[in-house]
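Below: one structure, written as structure tokens.
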Amino acid sequence: MTEIEKKHSPQRVRLMKQAAVIRQNNGMSRHDALVTAHRIGALIRQMHHDTVRFCYTKQDGTVRHASGTLTDYEHSFHRPYTPRPENTFVVYYDTEAKGWRTFHAENFLCIE
């Protein structure tokens, strides 16, 4: 167990690890990467309970407004949704397109 893991909760350690990966992949500042990781965590928690409107930048540079949920993830994949800090993809069920989608965490813009 590292010194950081001894001093902080598992959720805090996961947040710090995810922020480090986001920062490494995108070149964001430490602060911006932590804010993004925190906002992604809030989005995922909300999607576990309900459908959430949010937006992100697609790979082609356009902004995607989506309605997504994770309420049926376990039913669809036969395991709980537990994002790993080293994975910067965010999975969601697009209720408008009726299919599973992903986006890069560093491209997240806002919850609407």
Checklist entry - Do the non-hydrogen side-chain atoms of Y81 and I44 ever get within less than 4.5 Å of each other? => result yes

Checklist entry - Do V35 and I40 share a hydrophobic cluster (ILVMFWY, side-chain heavy atoms under 4.5 Å, transitive)? => result no

Item to check | Same cluster (ILVMFWY, side-chain, under 4.5 Å), L43 and W100 | outcome: yes

Next on the checklist: Could you walk me through whether V90 and Y56 satisfy the side chain to side chain contact (heavy atoms under 4.5 Å, CB included) test, starting with their C-alpha distance in whole Å, then the side-chain angles of each, then the deciding distance to 0.1 Å, before giving a yes or no?
Outcome noted: CA-CA 11 Å; V90 178; Y56 60 91; over 6 Å; no

Checklist entry - To the nearest 0.5 Å, what is the distance between CZ (R53) and CD (E96)? => result 5.0 Å

Checklist outcome for this item: Of all heavy-atom pairs linking T71 and H49, the shortest is CG2-C, 3.8 Å

Checklist entry - If you count the non-hydrogen atoms of other residues, nucleotides and ligands that lie under 6.0 Å from CZ in R30, is the total more than 12? => result no

Checklist entry - Within a reach of under 6.0 Å around CD of Q59, are more than 12 heavy atoms found that belong to other residues, nucleotides or ligands? => result no

Checklist entry - Is a donor on one side and an acceptor on the other found under 3.5 Å between the side chain of T69 and the backbone of D50? => result yes

Next on the checklist: To check you understand the geometry: which heavy-atom pair defines the closest contact between D94 and R101, and what is its length?
Outcome noted: CB-CG, 3.8 Å

Item to check | Atom pair OH (Y73) and NE2 (H78), whose distance is rounded to the nearest 0.5 Å | outcome: 11.0 Å

Next on the checklist: Return the CG to OH distance between D72 and Y93, rounded to the nearest 0.5 Å.
Outcome noted: 8.0 Å

Checklist entry - So if you build clusters from Ile, Leu, Val, Met, Phe, Trp, Tyr with side-chain heavy-atom gaps below 4.5 Å, do V63 and I111 land together? => result no

Checklist entry - In terms of hydrophobic clusters joined by side-chain contacts under 4.5 Å, are L109 and M28 together? => result no

Next on the checklist: Looking at every non-hydrogen atom in both residues, tell me the closest pair between A19 and A33 and how far apart they are.
Outcome noted: O-CB, 3.3 Å

Checklist entry - Is F89 reachable from F77 through a run of I, L, V, M, F, W or Y residues, each pair having side-chain heavy atoms under 4.5 Å apart? => result no

Item to check | Gap between atom NE2 of H104 and atom OG1 of T36 - 0.5 Å precision | outcome: 14.0 Å

Checklist entry - At what distance, to the nearest 0.5 angstrom, does CZ of F108 lie from CZ of R39? => result 5.0 Å

Checklist entry - Are more than 12 heavy atoms from other residues, nucleotides or ligands located less than 6.0 Å from atom NE2 of H65? => result yes

Checklist entry - So how far is it from F54 CZ to S67 OG, rounded to the nearest 0.5 Å? => result 8.0 Å

